[in-house]
Every structure is written in structure tokens, then in C-alpha cells.
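Letters A, B, ... are given to chains in the order of the sequence lines, protein chains preceding strands, and every chain is numbered from 1. Note that these values count all heavy atoms, side chains included, but never hydrogens, waters or copies made by symmetry. As the structure is a computational prediction, the values presented were derived from the model and not from experiment.
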Amino acid sequence: MSNLLDANMPVQNMDVLIIGAGPAGLACAARLGERGIASVVLDREPQPGGLPAQCEHAGFGLFTYKRLMRGREFAARLLQRAERANVNIHTNTTVLEVTDAREALAVSPNGLQRYRARALVLATGCRELPRSTLAVAGTRPAGIFNTGVVQRLHTFLHSAPGRQAVIVGSDDMSLMAAPSLIQLGVRVRAVLEERPYRQGYLGLEWLTLRPRRIPLLLHHKILEIRGGARVQEILVARLDANGAPRGEPFVIPCDTLIFSGEFVPENVLARQLNLALDAHTRGPRVDQNFETDVRGIFACGNLVHAADAADHALADGEQTARGVFDFLQREHAEPQSVQQILAGDGVRAVVPQCLRWYDAQCAPVHLAVRVSHALWGVRVRADTAERNFGRAYTFAAKPHRSIYLKISPNVSSDEPLRVSAHGRVTSD
Amino acid sequence: MNEPFDFLIIGAGLVGCALARELAQYELRVGVVEQNEDVGDGVSKANSSILHTGFDAKPGTPEARLVAEGHRLWNEHARALGVPIARVGAVMLALDDEQLASLENYFENAHQNGVTDVERISREQVLQRVPLANSAVRGGLWIPRESITCTFTACAALAEHAVVNGAQFFLGARVTHIERTDALYRVTTTRGVHTTRWIANCAGLWGDDIARMMNSVAFTITPRKGEFLILDKAARTRVPHILLPVPTKISKGILVAPTLNGNVLLGPTADDVQDKSDTGVTAPGLARAYKGALQLAPALEQETIIATYAGLRPAASTGEYILQVDAKANQIVTAGIRSTGLSAAPAIAREITRQLENVGALAPRKKFVALRPPRAWATGQTRPCFDAARIQENPAFGKILCLCETVSEGEIQQALHAPLPATTLDAVKRRTWATAGRCQGFYCTAAILDCMSRELGRPLHALTKRGAGSEIIGLNEQPA
Ligand SMILES: Cc1cc2nc3c(=O)[nH]c(=O)nc-3n(C[C@H](O)[C@H](O)[C@H](O)COP(=O)(O)OP(=O)(O)OC[C@H]3O[C@@H](n4cnc5c(N)ncnc54)[C@H](O)[C@@H]3O)c2cc1C
Ligand SMILES: Cc1cc2nc3c(=O)[nH]c(=O)nc-3n(C[C@H](O)[C@H](O)[C@H](O)COP(=O)(O)OP(=O)(O)OC[C@H]3O[C@@H](n4cnc5c(N)ncnc54)[C@H](O)[C@@H]3O)c2cc1C
């Protein structure tokens, strides 16, 4: 069905095309603009800013702007910067197809557009897994949402999803949904987590759940959703060490269920391009400049590590801009060395997955590391067989959130770099 | 009270809608009452969407005859109705010696049912047709005309074609009482009373209750649950045909079927249940459906599950289709149309009409509209957003609301204003496929509700998933 193969369709040529106007895409565009390189950013939403632009809650910007701000404010700040850099943003524009010739077919109410760029950046973000993928038993009544929908209902339609909610999942985003719901007049009855430990941070639990006495039920699972037209109640069981129900299941009455905290990259376009994907992140594999295995195609933000904080997506975007800039200077260069980065002991995934060096300079690289288990007192390190390239200590690490390790790589090496994490396995 | 109907049909499932469409071809006043807010929201919304040839039906039964005729009728009318059909063919896989032996019986059976194009194929041929089939396969049967369609489109198409030919649909109207006065029936529903000369029981799972109200033949309907899983689109190219197991005595068994929307279905199970409204999925049921499907094609384990659902087959105590035209009592009964009703529906309607014509001639409708009005999009077609000319005509076709299925605002608007308007979120989903993709509404639910509210002129909090009680948001705005 490819319109891209239709040679008659006029094509707009450009240096850089960025898909997704979230923190990653906008930061990339702004940075490029600041260095004098024009780019076009496409986003299917009516407003630019990605997920933060759809969030009312104040959980953004601590690293970038040194204070917590509302998502909308975070997005507005970034947008201002992009506008100052003369970035060209087209909203209401959905990219339908991309090809490895770096062409994109996009549609908007103005019609179909075909773009061809020297460098293509995918910054399409991530989404939450729906309830059915998680295969929860029971009926399929109204009243089942995820946090993304709840944020949009709140921000755009000023509507509450229901009266009595249970949040399923204990990720930071799950915990953050609680105050949003309460603000809308919803009573949050409980937060459930199937794993024996909280996914999000203790501090956030203290901020969001404790003051309101919302119970966080760890190692609990929904056995069944009940209700005909609308959710009426859920049947919940506590789990034993093997993850099997333990003791009598009990009922929590509620009319709203919010599934949260299980993210997958929005990788449709990446899959169209047949980019090499990481088996664990399910996003494209990238190097330190967020370039994929196809030269001139970049991927960054939540698309490559779902779902980290918006600050990190923003930082990715800036780094991607550097990569794009270099690429445009030396489009046909071959890397001098390629060094693979592997997940070692205690580590599930590392982004970037490799380092590619084109010249003798080597800037430090920030690795986003996902641990295999929740750990306390974590020592992370990156080593080749011969030597260490960086180490860091962090108080706590969770499998669903990256911890960052700065390394100073060695340009001449093509020996794999192994990242490992050690610490005390914890239930908190 | 309104003028009496000639025929009032109870139930707007596939069978009721097919009957309405058939009768609307004549000079008759046809009404349909349905308890749900949309047509096809009962048994007819949760099946495998397979257009059977009837190769495996019990020879000599009405079911065998009607499935075969239905298959032919669907193919004949698909174009006029805008119902997509893909003749993908089915492979029945024998996984051991015993099954290999019973393939022979199915081959014979198919011939007895007039399905003479079935072929026995070798293990190599099976693997050639379906490289991902279980490598333990011993041999197979190739049934070239087994086809797939879309049950939602099929039901809506029948209903809409009836509507443009004058049939009146009363949705959200549950029949609570039926009485006969003189030559007329008086049918009380939760939304008004109707009178009619004839009454037709097409009430699916509740056919036995309606039969009692009508004082017609007595039977009971037992729901038999079938659970399914849906795989994401990546799986579709690996499943070129329908994969069938060798059936057991109880059911056709768990199959793997491609869908016209580009997904793959795994299921259904077959479990008798008590409650006719129990369409929930269960952990053991899903596990069995998954395991059964993986037995046919183990490699599907790598694919992503995006949704699950369950349907209830309305099995009659007689074990067979019940079809009756009672010219004394002016009653029609269709019941026990349990696992082949999608295929057979047009033939069931035709059969009823034939029997009615035996009673008295029916006059063809003078202003018969042969074609269902065109729609913005039909299942299996290219979406309007890929067509520059259509976007120029209507910019709403360029505004994508549901990314996973590339559904534009234009298609949703059209569904909301169709001859039989979609008025619930589920109905919008069934007409346009919006929210049915891999994200299951993560991105688009809010935008679609916003569009529905504007187009239907209803406040957000009045919008429902599938009728009163299933309000989607804003419960706070209404007093408890
Ligand atoms: C409910 C929720 C709450 C969160 N709360 C916080 C928080 O409090 N603090 C925090 O730091 N982080 C939070 N996050 C995470 C934060 O939103 C992300 O880290 C950040 O948005 C990622 O930026 P991104 O640019 O990679 O992707 P996104 O912000 O998701 O942007 C991707 C953009 O790509 C567009 N797009 C995708 N596909 C296409 C296509 N085919 N065509 C055109 N456009 C397309 C999308 O419309 C979207 O605008 C939250 C996330 C969620 C889901
Ligand atoms: C798991 C499964 C898989 C299947 N697979 C296939 C397949 O692949 N191919 C195939 O051909 N067939 C298949 N079928 C069979 C097919 O789906 C059914 O035969 C068909 O849907 C039956 O249609 P119906 O109109 O009789 O019932 P329904 O669709 O249930 O219609 C009856 C309607 O009557 C309404 N009603 C009931 N009581 C009242 C009342 N008191 N007042 C008002 N309205 C009332 C109900 O709400 C309902 O909408 C399958 C069925 C199941 C369950």
C-alpha cells in the first residue's frame, strides 16, 4: 500500500526530519537550530510537547530546570526554546510510513505530504500496555483505563474517569496518577503491585500515597475484574514466593481501574524500517549518538528506553543533535571502531547498545542501565576484559527505571564493554 | 400507538438483521427491537469471523444445507452490502496417526455436503503452505473456499441495508412482555410498545425466554463459552490460511485464523456456562486457547497478544438449528444458531421467507434500494488517509485520531451519522476499528470521546461504552 513508491508524488527535501515533538524530538530540533541547522518536526497531536504537554501533574523538570513543574509548563519551556531556534513544527500531522531511503509519508487535514531527509530522527515515545495484553481475567466493562488516558481526560476534557479507583502498578507514573485522580475528586482505594517490591521510588510513595493513607498492596494480583456495564469490583489475591495466590482472595469495590507502569516503545515506524531492535527494551538499538544500525536514521527518548523521566528524553535529544550534526558533515564516513556494550551481571539492558567512533576524539558517554532486580546500595561498572571504563554508586535501582553511568571510553578499542550491577536484592 | 408492523423481529444479531434485510425487500412494514444500544452486540460480536463452506457439518441437517447456501449468498451479495470477504482457505492439521485417519472421514463428509474441492495434502504440502505449522504434522486437508470476513461489518451491513429499505430499528429496547389480542401481537419493551401481525424470535441466547413469552415451541438455550486471544499485526503475514485442528465431538476445536484487519485470532475454547451474560475471559480458558493454538503453530509464541475476548454460543437443547414458521400463530422462531450463524444467516433468512411465501405471496418492494450506501471505509480496504483526493474533499480524513489503526476523524464522523448511527464507543469501534489496535485506546480514547460529544451533541458524561450504566467518564458529574 505504499504511496512512497508512487514516484509522482511531489517530495519535500530537507536536511533533518524529526518524528515526534516530545521532549526528545523538540530538544533535538532546538539544539540543531541553535547550531544553524534547520529541521522539520512532525507530531500527530494537535499540540506539540509530547506526553508532558498532556500532563497536569507537577513531576517534571527537576534535572533540566532544577525545580518540579507541571508537564504543560515543562513542554512550554522547551517549546519556547525550539521556537527561538526557528524550528519548524507541524502538528496534527501523522507519519504513516517511513523507508530506509529516509523518506516519510505523513498526513494532515491539509493532505498527504512526502518528505525526504538526509537525516531522519525517530522520537515517537512509548505507550502503556493495555489490560488485555496483560491477560487479566474477567469481564470487559467500562471503567478500565491507563494513566495516559487519565492524564488526557484531565488535561483536555477536564473530566474524571470515575468515582472510586484502584491503580494497578506501582511505577513512578502510577504513583503520580494518585494525586491527579484525587484532584479530580476520585477516591483512590488502593495501589496494587504484582511484584514483591514497589517499582517507583520510596520518596514518591511518601509524597503521593502516605499523606492520603492510600494502601500500597505489594505482591498482590487481580484475579478477576467484575461488573457488567461498568466495573463494580475486583477480586484480589496476595501472592506467595512462587507468585501463586496465597490465602483467601478478597474483593475491592471500585468503578475504575487504572492499569499503569508497563511501557512499550511506540516502535511501529522503527519496525517498518526493519531497524535492529533490542530484545529487552524493544526499541531500536543505537550508538552513543542515538544513531541506529541504519546510517542516517536516529532514534531517541522513550522510544529507546521506555519510560524514563522527561529530563532524560530531553538530554537524549540534545545528544542526538550532536550525532545528526556530525552525520551531516561526513555522511559517508565509516566508523574507525565499533564497540558493543553488553548487559552483564545484574543488568537487563543498556542504552546505547554500542559505541561507534569516527575520529580520535572521545567524549564521555552516559549509559542508561536497567538492573535485573530491585537493588539497594548499587555499584554499577563498565569493563572490558582488561580495564574499567567507569563506575558509579547509587542508593537504589529499580528494573523499570534507568540508572545512569558515565563512562570515558577508549577510541581504539573494539572489545565489548560489559556493564554490571551489584547490590543488595531488596523488596523496596 | 403507531401503525402495526407486518413483522416485528426480536433481536438484532446476525440472524435478526439478515431477516430484517430479507423482509425489507418486500412491501412490508418491518420493525426490529433490540435490548442493546447497537446491532450485533450479542453473540454476533464475538466469533471467529469465518465464512464456513460447511464441509464439516453433519450431512443432511438443516445446518449443513444453510451454511452452504449462506456461503454462496454472502459471496453473491458481498459487493452490494460492502462486506469484505477474503478467500484465504483453511488447512486442517493432523498431528498424530489417529487424527490422520479421521481426516479421511472429513474428506468423505465434505463430499457428502457438496464441498468437492477439498484436497488431502501431505505433510510437506502442509508445511509448504504454512511454514510455521507444527513440524510434527502428519498430513492435512486443504479446504480452499473457507473464507474470512468481519462479523461487525457483516451485521451492520445487513442492518443498514434493511434501514435504507424502510425497516425501523428500536435499540435499547428490551422486550419484557408479549400478548396476543385478536389478530395482533402487543410487544412491550423497556422503550415503548409495538403492535405487529407477525412476530419473529431471533433472540439468540434469550430465545428460550422469548419463546415462553410467545407461547411457542419450548426449548432451552445453554450458553457455551468460547475464549479468544488476538495477536498483533506482525503475526498476520506468518498465518496465510486458517489453521484447523481435527475437531472433537464437543466442538470444532481451537483454531488459528487471520483476520481482515490484519491480526490473528487464537481460539475458541468450548465450555458450558450457567450465566447468559457471562462473557468474561478466564485465566484457565485463555491458557487453554493459547496452548491449543500453539499446538498448531508453536512459533506464534513470539508474537504479542493485544486483546482477549469471549463469546457465548447459544446451543439449543435439541442440539440443532431450530427454524419454524407457524402460519396459524403468525410466529417465526430461529434458535440454537450456535456456531455457524455468521455463515448461515442470509440463508436462514431466505429459508424463512421461502416458507412465508408458501403461506401467501409477498409483493416485492417497489422502491427497493439495491445497494447499501457507501461508507468512508470498509474493513480490509485502504484507509482514506492514504488518498490525497479524499482528504482534499474532506480534511477530516487527514486528521488521524487512532494511530494504531490509522482511523481518521472523518471515518468516525461518518459512523456517527450513518443510516444506522453508531452512538456508543463500542459501536464506533465496531464500525471503524478505532481503539481496537495494539494500544487499545491509550492515545485515542479521549479524542474520540471529544469527537462523539461534539457530533452527537451529548455531554461527555452521557457517553457510554455500550449503553446505560456503562458511562465512560465523569461519573462525578451525576449524583450517585
Ligand atoms: C502518564 C505519564 C506520566 C508521566 N509523568 C512524568 C513525570 O511526572 N515526570 C517525568 O519526568 N516524566 C514523566 N513521564 C515520562 C515522560 O512523559 C517521558 O519521559 C517523555 O515524554 C518522553 O519523551 P519523548 O520525546 O521520548 O516521547 P513523548 O513525549 O511520548 O513524545 C512522542 C511524540 O511522538 C508523537 N508521535 C508518535 N508516533 C507518531 C507518528 N507516527 N507520527 C507523528 N507523531 C508521532 C506523539 O504524538 C508524541 O507527541 C510520564 C509519562 C506518562 C505516560
Ligand atoms: C466463540 C464463537 C465462535 C463462532 N465462530 C463462528 C464463525 O467463525 N463462523 C460462523 O459462521 N459463526 C460463528 N459463530 C456463530 C455465530 O456467531 C452465531 O451463530 C450468531 O452470532 C448467532 O446470531 P444470533 O442473531 O442468533 O444471536 P445474537 O447475535 O445473540 O442476537 C440475538 C439478539 O437478541 C437480543 N435480545 C435477546 N433478548 C432480547 C429481548 N428480550 N429484547 C430485545 N432484544 C433481545 C440480544 O441482545 C441479541 O443482540 C461463533 C460463535 C461463537 C460464540
Honestly, the part of A:Glu266 sitting under 4.5 Å from a heavy atom of chain B is side chain

For atom CZ of A:Arg189, decide whether the heavy atoms of other residues, nucleotides or ligands shown that lie under 6.0 angstrom number more than 12. yes

So for A:Arg271, is it side chain, backbone, both, or neither that comes closer than 4.5 Å to the heavy atoms of chain B? side chain

Closest approach of A:Leu112 and B:Asp387, non-hydrogen atoms and distance? CD1-N, 4.0 Å

Which of A:Thr147, A:Thr93, A:Leu153 touches chain B most, by non-hydrogen pairs under 4.5 Å: A:Leu153

With a 4.5 angstrom heavy-atom cut-off, is it the side chain or the backbone of A:Leu96 that approaches chain B, or both, or neither? side chain

For A:Ala137 and B:Ala283, the nearest pair of non-hydrogen atoms, with its separation, is CB-N, 3.6 Å

Mind checking what makes side chain to side chain donor-acceptor pair (under 3.5 Å) contact with B:Arg383, not counting sequence neighbours? B:Glu411

About how many Å separate CG of A:Asn110 and NZ of B:Lys399, when rounded to the nearest 0.5 Å? 12.0 Å

CA sep, side-chain torsions, deciding dist, call: A:Phe145, B:Ile472, side chain to side chain contact (heavy atoms under 4.5 Å, CB included): CA-CA 10 Å; A:Phe145 302 91; B:Ile472 299 156; 4.1 Å; yes

Using a 4.5 angstrom heavy-atom cutoff, name the option from B:Lys465, B:Glu227, B:Arg390 with the most pairs to chain A. B:Lys465

A:Arg282 versus chain B, the contacting section by heavy-atom distance below 4.5 Å: side chain

Minimum heavy-atom distance between A:Pro109 and B:Ile391, given as atom pair plus value: O-CG2, 3.7 Å

Would the distance check show the side chain of A:Arg140 and the main-chain N or O of B:Thr279 forming a donor-acceptor pair, the cut-off being under 3.5 Å? yes

Evaluate whether atom CD of B:Gln381 has more than 12 neighbouring non-hydrogen atoms of other residues, nucleotides or ligands under 6.0 angstrom away. yes

Using a 3.5 Å distance criterion without hydrogens, assess whether the side chain of A:Arg230 forms a donor-acceptor pair with backbone atoms of B:Glu471. yes

Select one option (side chain, backbone, both, neither) describing which atoms of B:Ala468 are under 4.5 Å from chain A's heavy atoms. backbone

Distance col, row A:Arg152:CZ vs B:Leu449:CG, nearest 0.5 angstrom, shows 12.0 Å

Against chain B, label A:Val268 side chain, backbone, both or neither, depending on which of its atoms sit under 4.5 Å from a heavy atom there. side chain

Counting only heavy atoms not in B:Lys233, do more than 12 sit closer than 6.0 Å to its NZ atom? yes

Heavy-atom proximity to chain B below 4.5 Å, by part of A:Thr124: backbone

Do you know the tightest heavy-atom contact between B:Ser470 and A:Ala229? CB-O, 3.2 Å

